[in-house]
Amino acid sequence: MTKSFRIKSFGCQMNVYDGERMAELLGDKGMTEAKDGEDADLVVLNTCHIREKAAEKAYSDVGRLKKTDGTRPMIALAGCVAQAEGSEAQRRSDAIDIVVGPQAYHRLPELIEGASKGLRPVDTDMPAISKFDAMPARSKVGPSAFLTVAEGCDKFCTYCVVPYTRGAEISRPWADIVAEAESLVDRGAREITLLGQNVSAWSGENEKGQTGGLELLVRRLAKIDGLERIRYTTSHPADMDEGLIAAHGEVDKLMPYLHLPVQAGSDRILKAMNRHHTAESYLKLIERFRAARPDMAISGDFIVGFPGETDAEFEETLAIVDAVRYASAYSFKYSPRPGTPAAQMEDQIEPAVMDERLQRLQSRISAHSLDFNRSKVGETMSILIERQGKRPGQMIGKSPWLQSVFVETDAPIGTMIDVKIEQALPNSLGGRLKEKVAA
Ligand code: SAH
Ligand code: SF4
Ligand code: F3S
């Protein structure tokens with residue numbers, strides 16, 4: 001019998017959330033999580049399929065789990081690679097005992113039982129019944145918690161696998177989300193990040209029968225005592241509404257931070273990506289957020305080297321970076337993914353060209369991040385302490401703008417303290433306790 005388990009999650013925050021829920025489920029069935037360095041009877045690889053490198057990592061990890069004496073733990077391939085490849089994954093590697101997709105992991109206990117009997121179960125169903133209904137109560141809770149409110153994506157950007165690996169867009173019901181948020185706060189969460197591949201498409205009906213979008217939900221969650229901060233990610237520029245923008249100016253607990261990927265700055269490329277927005281409509285949207293909340297930090301995602309992208313079109317991406325002045329942003333080289341329309345497009349870009357573009361883009365983004373961070377030097381801000389730093393006495397917390405802040409303090413994890421910022425780096429801030437500054 002399998003008694004201990006380890007879950008390794010890759011990819012996006014939704015996978016992190018799913019990993020926590022799987023751990024809670026296995027714990028509820030009497031299994032225990034293996035400590036660092038300890039062998040586990042079962043290893044769940046909760047994988048990501050978004051780019052080729054991420055997907056290949058799943059298989060190299062499977063290989064590494066085989067020990068020199070030939071033994072290995074039971075291996076469950078979960079997440080988006082599992083969904084995309086199904087039983088094909090087991091043909092590629094005979095060490096994969098279980099394949100379980102992101103919408104089927106509530107059935108993990110039965111699948112483990114099957115594997116214990118020597119079967120090689122595969123479950124990539126996307127059942128109509130929500131997996132969340134079959135899950136035990138939340139127990140793995142830190143000061144900053146994730147809460148998945150919407151799953152799947154109907155946008156079908158031409159480069160992206162998510163609509164295939166996560167399925168159609170579904171909003172979790174209002175009452176379930178409110179109950180889960182309350183239980184997270186009861187267990188010590190002070191910040192909740194609402195998650196969805198396309199979280200801005202969330203819609204639902206509240207207890208009064210009013211229907212609405214994310215704004216309505218945010219305003220309700222803001223009433224939970226003990227919850228100090230609300231965030232949401234990831235949004236799509238084509239479905240942001242006035243209500244949510246206004247909420248940023250009105251709801252104190254809603255943090256001044258927006259992750260709004262644009263992907264590229266050229267309208268021709270955006271069209272080929274099937275993004276449903278233009279560079280100009282995106283910039284107008286950012287302006288509206290900044291009008292509601294002038295200190296709004298903007299973050300984004302970029303893809304360089306989409307098929308057919310010319311030098312001039314890439315320059316338009318740099319131009320949008322300068323226009324927005326991102327507080328932070330992720331950027332990636334385009335990776336052709338099986339089954340996506342862009343993988344079939346002509347004019348795939350040479351790797352060397354992509355490398356050069358990525359480097360230029362990243363140095364431009366870093367410069368803006370540093371500017372943004374420098375603008376906070378001298379300011380006193382509230383920090384939510386999340387973990388210990390490397391140096392003795394050092395703790396790391398998050399600012400309202402999602403910057404990591406290093407500070408020397410004996411304040412424990414989960415507390416909120418006022419910190420005066422003294423130092424800015426491209427990816428973090430250094431500060432000092434406010435009381436110490438005054439002394
Ligand atoms: N739902 C979110 C996040 C999707 S995945 C959104 O719409 O933005 C996170 C990021 O990975 C994307 O924003 C995109 O920048 C990047 N990405 C997705 N598919 C990719 C691919 N085939 N090659 C390179 N980057 C990709
Ligand atoms: Fe992928 Fe586009 Fe959906 Fe984001 S909006 S998950 S990039 S298809
Ligand atoms: Fe990766 Fe799946 Fe998330 S492909 S980015 S883990 S939705």
Side-chain angles (χ1 to χ4, degrees), residues 8-19 45-58 77-85 101-103 105 124 126 146 148-170 194-202 232-240 258-265 269-270 272-277 282 298-307 309 317 326 328-345 348-349 351 354 357-358 361-362 365:
K8 278 182 77 179
S9 292
F10 308 94
C12 63
Q13 289 142 319
M14 298 192 67
N15 256 17
V16 174
Y17 175 84
D18 289 340
L45 298 173
N46 190 20
T47 58
C48 173
H49 197 59
I50 202 82
R51 284 167 290 275
E52 192 182 351
K53 248 198 199 145
E56 287 308 311
K57 191 168 183 346
L77 188 75
C80 291
V81 175
Q83 189 66 40
E85 303 198 346
Q103 307 304 350
Y105 63 73
T124 52
M126 295 201 175
F146 290 141
T148 292
V149 301
E151 291 232 50
C153 183
D154 292 344
K155 289 283 188 288
F156 290 94
C157 299
T158 53
Y159 49 81
C160 184
V161 292
V162 171
Y164 313 100
T165 63
R166 292 275 173 165
E169 219 162 77
I170 297 171
L194 306 175
L195 299 181
Q197 255 77 35
N198 207 351
V199 74
S200 44
W202 184 88
Y232 59 91
T233 198
T234 295
S235 306
H236 191 288
D239 39 42
M240 306 302 285
L258 174 69
H259 183 65
L260 193 66
V262 65
Q263 313 295 358
I269 294 292
L270 288 171
M273 288 178 162
N274 193 31
R275 285 289 297 178
H276 301 286
H277 60 82
Y282 177 87
I298 307 295
S299 127
D301 292 342
F302 292 90
I303 295 176
V304 301
F306 185 81
E309 184 186 67
T317 295
Y326 287 92
S328 70
Y330 300 94
S331 44
F332 313 98
K333 285 184 269 184
Y334 168 72
S335 170
R337 306 306 293 128
T340 60
Q344 307 299 322
M345 289 179 187
Q348 299 281 327
I349 305 296
M354 285 205 241
R357 287 182 189 168
L358 187 68
L361 176 60
Q362 289 185 337
I365 291 167

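In each ligand, atom 1 is the first atom listed, and ligand 1 is the first ligand listed.
- When distances to atom 3 (Fe) of ligand 3 are checked against a cut-off of 2.8 Å, Cys12 contributes an N, O or S atom below that limit.
- Nearest protein neighbour of atom 3 (Fe) of ligand 2, counting heavy atoms only, is Cys153 SG, 2.2 Å.
- For ligand 1 and Arg337, the ligand atoms under 4.0 Å from any heavy atom of the residue are 22 (N).
- For a threshold of 3.5 Å applied to N or O pairs, the pair formed by His236 and ligand 1 contains no separation below that value.
- The proximity of Ile50 to ligand 1, defined as any non-hydrogen pair under 4.0 Å, involves the side chain as well as the backbone.
- Considering Ala343, Pro261, Ser331 only, the shortest heavy-atom separation from atom 8 (O) of ligand 1 involves Pro261.
- Residue Tyr159 touches ligand 1 through backbone and side chain together, judged by heavy-atom distances below 4.0 Å.
- Close contacts of ligand 1 with Ser335, meaning ligand atoms under 4.0 Å from a residue heavy atom, involve 21 (C), 22 (N), 23 (N), 24 (C).
- Ranking the protein heavy atoms by distance from atom 7 (S) of ligand 2 puts Tyr159 OH, 3.3 Å first.
- Looking only at heavy atoms of the protein, atom 2 (Fe) of ligand 2 is closest to Cys157 SG, 2.3 Å.
- The number of heavy atoms from other shown groups lying within 6.0 Å of CD (Glu56) is above 12.
- Of the candidates Arg166, Lys53, Arg51, Met354, Arg51 brings a heavy atom nearest to atom 11 (O) of ligand 1.
- Between atom 7 (O) of ligand 1 and the options Arg275, Lys155, Gln13, the minimum heavy-atom separation is to Arg275.
- Per-residue contacts place Thr234 under 4.0 angstrom from the following atoms of ligand 1 (heavy atoms of the residue considered): 2 (C), 6 (C), 8 (O).
- Ligand 1 places these atoms under 4.0 Å from at least one heavy atom of Lys333: 23 (N), 24 (C).
- The Gln197 neighbourhood of ligand 1 comprises atoms 1 (N), 2 (C), with distances under 4.0 Å to a heavy atom of that residue.
- With a 4.0 Å heavy-atom cut-off, ligand 2 is reached by the backbone of Phe156 but not by any atom from C-beta on.
- Ligand-side atoms of ligand 1 in range of Gln263: 8 (O), 12 (C), 13 (O), 14 (C), 15 (O), range being under 4.0 angstrom from any heavy atom.
- Using the six-membered ring where Trp is involved, Tyr282 and His277 have ring planes that are tilted, between 30° and 60° apart.
- Contacts of Met14 with ligand 3, taken as heavy-atom pairs under 4.0 Å, are absent altogether.
- Inclusion of His49 in the first shell of atom 1 (Fe) of ligand 3 is not supported: no N, O or S atom falls under 2.8 Å.
- Every atom of ligand 1 with a heavy atom of Tyr334 under 4.0 Å away is listed here by number and element: 23 (N), 24 (C).
- Looking from atom 10 (C) of ligand 1 to the surrounding protein, the closest heavy atom is Asp301 OD2, 3.4 Å.
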